[in-house]
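Here is the naming used below: chain letters follow the sequence lines, and residue numbers restart at 1 for every chain. Atoms considered below: every heavy atom in the structure, side chains included; atoms not considered: hydrogens, waters and symmetry mates.
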Amino acid sequence: VKSKIVENWLTKVNELTFTIPFAQLLLSKGQKVVHISSQGPMEQGKDIIAMDATGRVHCYQLKCGNINAGSWSKIKSEIDDLVELPPVHPSLPEPVTEWEAYLVTNGDIANPTARNIADYAESKKSKGHMALRTIVGRQLIAEFTAYYDKFLPIDVTDLHTFLDVYNQPGDFELDVPKFKCFFEDFFDANSDVSRQRSVEAVRASLVLCHYMLANKHAAENRIETIKAYILLLASIYDFAERVGLDDSLWTDTEQLVYEAIEMQFRLLAEELPDDVDDYVYTKNGVLSETIAFRVRSTELIGYLAAYSNYCFLRGIELCSADKVAHCISLLDGSRVVGGERDIPLFINRAISLYFYDDREAANAEIAKLVNSVVSTHLHRGKGMPSPYYDAIKSIMWMHGLPTDIREGFRHRSHCLRSLVLLAALFGLRDLVATHWRVISRIAQHEMVPKNPVDLLRWRMSEGVLMCEYPQATQSWRELVSEANSDYAFTLPNVLQGRRHFLPLLLNVMPHRVSHKLVLALVHSTPPRQVSQPS
Amino acid sequence: VALPRYPALKAELERWFLDIFQAIANKELGPFADAQHLIQHEGTSWVLQREGGNRDETEYQEIAVETVLAAADIRHMNINDAVMIAVEKAKELGAAQMQYHLRTLNAAIEKSGNVVDGQGQPLTLDLLLELLEGMHVSFDESGNAEPLTLIVPPALAPRVRELMIEAEHNESAKARYEQIIERKRAEWSEEQDRRKLVD
């Protein structure tokens, strides 16, 4: 069954989605990945450049499917670059005069073509270029099985969850709780083992994640794939801190996960203008699309904003900024707050505008949000579902349709304190003053974990739910002072130097929203200033 | 013997029994049935902090009912018997919850010192109005008083009904009631006026 899983996954992936797990395989084999090419035009014929323990450089060109005479002739010029042009990278010794060159395919090489390739390799070698080696699907299955087979679930329950997520249609939403809890269980099962095994578990987790996302990748379901990577990272951080794993032992895998996230965002940004349906999809229902379209618009802009915040905090230039801006301008008016679970999506948007110095738009975003939340509590209003409820339940509840939500939300909010403090930070005194009579009657909820690392868990086992009523008479100066506080000290240690993860985490785990995390995010500073407007 | 267990059928029926159970238990809660419920989705305790910083920490208490059915009993039972058990146990649970809420309420009232002691005298209109004097009354945005709830022991219910009828015809009691409500409204407005942002 296990090798069938690997085989089934391997035949579904394309070059891009195969790049990250292949890079992970190289790490497991003791190589250091120096460079992974972006999804753009191939760079010097090398998709991955790696270095082994002896300092020898290895360059890989990844291809998808069987290689026959036709496909070989199409890629031959790229292979020329692979074997002829020396790899150039700041991390490599200068100049590289010798390297290993590999053509990697997840398929097979047809018999006559194999002979052609062998002749080609011999000919290149005789002319003083590098020899070409090949790695085919069967070898890959054997290698993935050898390195990661022991981490595939054995327990029936885990296997059931694994296969459940694995078999889910690609265009469906990710089952976020199931996916997150699978990796929490996976790491818990590997928490009392040798250091070496812990490191291997981290490496295997990225490969398992890829297996599970095979259908999502095939359907190019970018947002749901991004959610999965973020959840995986949260679990890796949780595990690394709990078992006290030294950074040097796992940050190579962490970097690969970020590569995967960035790659998916880049692809999303590139594909946005080509959406022939203008983001309206009538499959599975036409009338219901009137609501689904708004949910999609809200989530899409929220994730693009989170990515822009991530880029800002890492000092990365935002790719396809004009395409993203066009999409946002098209969908901005269609967003909807379908429950408190959506509020981090809006908060990310407001903070991205703030980071990139569009203060007026940031103010308008916060004002809209505060008005929206407060209005649900006015005139005997029933509030809105807490961020513990998923989109389906929240939207059904907000529209008065039957759900199994068995609690009330009037005069309770998990998000309002964050919004009020952002309003204070942005100087929106009139807005806060106008609503204070209502705001002061709304209990502000916050889950405070006993151990900060529990913030990275889907559900914390020990912690206190704080329900705090604001002061009836509130000093603006005190609010501004609190808004200027940096609560970074409340973050788990592993996130102290990784605040760029916060915008992503808040979107995928909206029940973790709190004024502390939001202020820790908004007071984060990038490693260097970027001038790219969103 | 691996005979069919019918898990899907049983899951449906169990859900149906649970719905009955919850509806009946809720009915037992009386005035507390309409109170807003809060579900704590994670963690182990919760803290309520009122304006002014006054805090109450709550540890959860388990309230449970138990029933034991032997296989021999089940063989002779039908669905009506099962419903009867669900109803009976739901009433027990609801009553236990009601008692818990009353104990919590009494503790809060005593802690705040807001107790009117009738000193063994029969309940009168004066005493009821005195109770009202000490109560917090909320008003909606149009200034209408939010409905009040009076919880009395079953034995006292007939007397309360008599007093309600008496109040309808007692002009002086009506005037005093109006005065109290008017004062409460003024207090409420004053309290609302305090709800503001200052420098």
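Contact of B:E57 with chain A is not made at all, since no heavy-atom distance falls under 4.5 Å. In this structure, no portion of A:H435 lies under 4.5 Å from any heavy atom of chain B.
Remark: the A:E407 side chain and the B:H41 side chain contain an N/O donor-acceptor pair separated by less than 3.5 Å. A donor atom on one side chain and an acceptor atom on the other are not found under 3.5 Å apart for B:R194 and A:T473.
Side-chain contact between A:R477 and B:D199: present, with at least one pair of heavy atoms (C-beta onward) separated by less than 4.5 Å. For the pair B:V47/A:E468, no side-chain contact is recorded, criterion being any heavy-atom separation below 4.5 Å from C-beta on.
Of the possible donor and acceptor atoms, one in the side chain of B:Q36 sits under 3.5 Å from a partner among the backbone N and O of A:F409. In this structure a side-chain-to-backbone donor-acceptor pair under 3.5 Å is present from B:R195 to A:S440. Not a single donor-acceptor pair under 3.5 Å links the side chain of B:R50 to the backbone N or O of A:Y469.
Within 6.0 Å of CE on B:M77 lie more than 12 heavy atoms contributed by other residues, nucleotides or ligands.
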Would you check, one step at a time, whether the test side chain to side chain contact (heavy atoms under 4.5 Å, CB included) holds for A:I405 with B:I39?
CA-CA 10 Å; A:I405 293 181; B:I39 296 174; over 6 Å; no
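Rounding to the nearest 0.5 Å gives a distance of 6.0 Å between CG of B:L197 and CG of A:L479.
Taking chain B as the reference chain and counting heavy-atom pairs below 4.5 Å, the highest number among A:K450, A:R441, A:H511, A:M466 is found for A:R441.
A salt bridge links A:R512 with B:E42: the distance from a Lys NZ or Arg NE/NH1/NH2 to an Asp or Glu carboxylate oxygen falls below 4.0 Å. Electrostatic pairing of A:R380 and B:E146 counts as a salt bridge here, judged by a charged N lying under 4.0 Å from a carboxylate O. Under the 4.0 Å criterion applied to side-chain N and carboxylate O atoms, B:D19 and A:R406 are assigned as salt-bridge partners.
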